[in-house]
**Q** 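I'd like to ask some things about the structure below.
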Amino acid sequence: MQAFLIDFHSIFRWVVLLTAIGALALSILAASGSRPWDAVTDRFSLFFTIAMDVQLLVGLGLWVVEQRWTINDTFLAWLHPMLMIAAVGLAHVGRVRADRVEGDRQRGTQAALFFGASLVVVILAIPLSSWPI
């Protein structure tokens, strides 16, 4: 079970990154006025937050199963989980704020700011050993 969770967490990160890039790109287009905030943009923002939630739940499950707080690697024991929780929070705040404002440009601006911040935090919180370079 633990090996499955590790593999799922490693593979699903690509889903998170792809949905983040898609949601951010559509939000930027809506903010610039090039594209309206339509059902596709709204769904992409929903899929991004759902992907973040799934990844967080799997990651927290791994953190508990592997008792990561006991290892000597501060980054994986504490920084990675805390930064990812913050990234999920930023994604959700961006989606909620986009829903609460009027106008496509304002929605796009709110979503782009928070989705962009969330993506930056995610990228900073990924351990260097996990990058495929």
Side-chain angles (χ1 to χ4, degrees):
M1 178 67 167
Q2 184 175 350
F4 171 77
L5 287 176
I6 291 170
D7 290 341
F8 183 82
H9 193 65
S10 294
I11 293 168
F12 200 74
R13 70 178 159 185
W14 298 109
V15 173
V16 170
L17 288 172
L18 289 174
T19 58
I21 291 168
L24 180 59
L26 291 172
S27 299
I28 290 171
L29 288 173
S32 69
S34 301
R35 176 183 171 84
W37 184 275
D38 57 0
V40 173
T41 308
D42 191 56
R43 290 293 173 191
F44 239 100
S45 71
L46 175 65
F47 294 150
F48 171 50
T49 56
I50 290 172
M52 292 285 285
D53 290 342
V54 169
Q55 186 74 336
L56 179 67
L57 288 173
V58 172
L60 288 175
L62 278 170
W63 191 72
V64 170
V65 167
E66 293 182 343
Q67 297 180 350
R68 286 289 183 156
W69 59 88
T70 61
I71 65 173
N72 289 331
D73 185 359
T74 305
F75 185 81
L76 284 177
W78 296 106
L79 290 177
H80 177 74
M82 294 303 148
L83 287 172
M84 290 302 185
I85 289 169
V88 171
L90 286 168
H92 279 280
V93 168
R95 179 155 166 77
V96 168
R97 287 185 62 136
D99 284 343
R100 291 188 180 168
V101 296
E102 294 295 323
D104 294 343
R105 285 185 153 204
Q106 290 82 8
R107 284 183 174 166
T109 302
Q110 290 298 312
L113 287 173
F114 285 94
F115 292 171
S118 177
L119 182 59
V120 167
V121 172
V122 165
I123 289 170
L124 290 175
I126 296 173
L128 289 177
S129 61
S130 297
W131 285 96
I133 10 181

**Q** On a heavy-atom basis, which atom in His80 and which in Ala125 lie closest, and how many Å separate them?
**A**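 Closest approach of His80 to Ala125: ND1-O, 2.6 Å.
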**Q** Is there a path of hydrophobic side-chain contacts, each under 4.5 Å between heavy atoms of I/L/V/M/F/W/Y residues, joining Ile28 to Leu18?
**A**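 Different clusters: Leu18 never reaches Ile28 through Ile, Leu, Val, Met, Phe, Trp or Tyr contacts under 4.5 Å.
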**Q** Kindly compute the distance separating CG (Leu5) from CG (Leu60), expressed to the nearest 0.5 Å.
**A**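 These two atoms lie 11.5 Å from each other.
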**Q** If hydrophobic residues (ILVMFWY) are linked whenever their side-chain heavy atoms come closer than 4.5 Å, directly or via other members, who joins Phe114 in its cluster?
**A**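 Direct or chained contacts put Phe114 with Leu83, Leu90, Val93, Leu113, Val121.
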**Q** Could you report the tightest heavy-atom contact between Gln55 and Val16, atom names first, then the distance?
**A**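 Closest heavy-atom pair between Gln55 and Val16: CB-CG2, 3.8 Å.
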**Q** Can you confirm whether the side chains of Asp7 and Ser10 place a donor and an acceptor under 3.5 Å from each other?
**A**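 No, no side-chain donor-acceptor contact under 3.5 Å.
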**Q** Hey, are the side chains of Met84 and Ile126 touching, using non-hydrogen atoms and a 4.5 Å cut-off?
**A**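 Yes, at least one pair of side-chain atoms sits under 4.5 Å.
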**Q** Roughly how far, to the nearest 0.5 Å, is the OG atom of Ser34 from the CG atom of Asp104?
**A**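 OG of Ser34 is found 12.0 Å from CG of Asp104.
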**Q** Quick one: which residue pairs count as a ring-ring contact (aromatic ring centres under 6.0 Å, His included) with a foot in residues 25-59, not counting sequence neighbours?
**A**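 Those involving residues 25-59 are Phe48-Phe115.
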**Q** Return the minimal non-hydrogen interatomic distance between Ala112 and Leu24, and the atom names on each side.
**A**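 Taking Ala112 first and Leu24 second, the nearest heavy atoms are O-CD1, 3.5 Å.
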**Q** Which heavy atom of Glu66 sits nearest a heavy atom of Ile6, and at what distance?
**A**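 Closest heavy-atom pair between Glu66 and Ile6: OE2-CD1, 3.1 Å.
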**Q** Please answer whether the main-chain N or O of Ala98 pairs with a side-chain N or O of Gln106 as donor and acceptor at a distance below 3.5 Å.
**A**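 Judged by distance alone, no pair lies under 3.5 Å.
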**Q** So, does Arg35 use its side chain to make a donor-acceptor pair with the main chain of Ser27 at under 3.5 Å?
**A**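 It does not hold such a pair.
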**Q** Report yes if some heavy atom in the side chain of Thr49 is under 4.5 Å from a heavy atom in the side chain of Thr19; otherwise report no.
**A**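 Side-chain contact under 4.5 Å: no.
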**Q** When hydrophobic residues are tied together by side-chain contacts of less than 4.5 Å, even through go-betweens, does Val54 share a cluster with Trp14?
**A**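 Yes, same cluster.
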**Q** Going only through I, L, V, M, F, W and Y residues with side-chain contacts under 4.5 Å, is there a path from Leu46 to Leu17?
**A**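 Per the 4.5 Å side-chain linkage, Leu46 and Leu17 are co-clustered.
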**Q** Determine whether a donor-acceptor pair (N or O, by modelled atom type, separation under 3.5 Å) exists between the side chain of Ser118 and the backbone of Ala87.
**A**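 Such a contact is found between Ser118 side chain and Ala87 backbone.
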**Q** Cluster partners of Leu76, using ILVMFWY side-chain heavy atoms under 4.5 angstrom, listed by chain and number?
**A**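 So far as hydrophobic clustering goes, Leu76 is joined with Ile71, Phe75, Leu79.
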**Q** Taking side chain as C-beta onward, heavy atoms only, is Val65 less than 4.5 Å from Met1?
**A**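 Side chain of Val65 against side chain of Met1, heavy atoms only: no contact under 4.5 Å found.
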**Q** Out of curiosity, Ile85 CD1 to Met52 CE, how far, rounded to the nearest 0.5 Å?
**A**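 Ile85 CD1 to Met52 CE: 11.0 Å, rounded to 0.5 Å.
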**Q** Do Val101 and Arg97 come within less than 4.5 Å of each other through their side chains, counting heavy atoms only?
**A**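 Val101 does not reach Arg97 side chain to side chain.
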**Q** I'd like to know if the side chain of Arg68 and the backbone of Trp78 have a donor-acceptor N/O pair within less than 3.5 Å.
**A**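 Here the side-chain-to-backbone pair does not exist.
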**Q** State, with a plain yes or no, whether a side-chain heavy atom of Asp42 is found less than 4.5 Å away from one of Asp99.
**A**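 Asp42 vs Asp99: side chains touch.
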**Q** Counting only N and O atoms by type, is there a donor-acceptor contact under 3.5 Å from the side chain of Arg105 to the main-chain atoms of Ala30?
**A**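 Side chain of Arg105 to backbone of Ala30: no pair is present.
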**Q** Please round to the nearest 0.5 Å and tell me the distance separating atom CD of Gln110 and atom CZ of Arg95.
**A**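 Result: 14.0 Å between the selected atoms.
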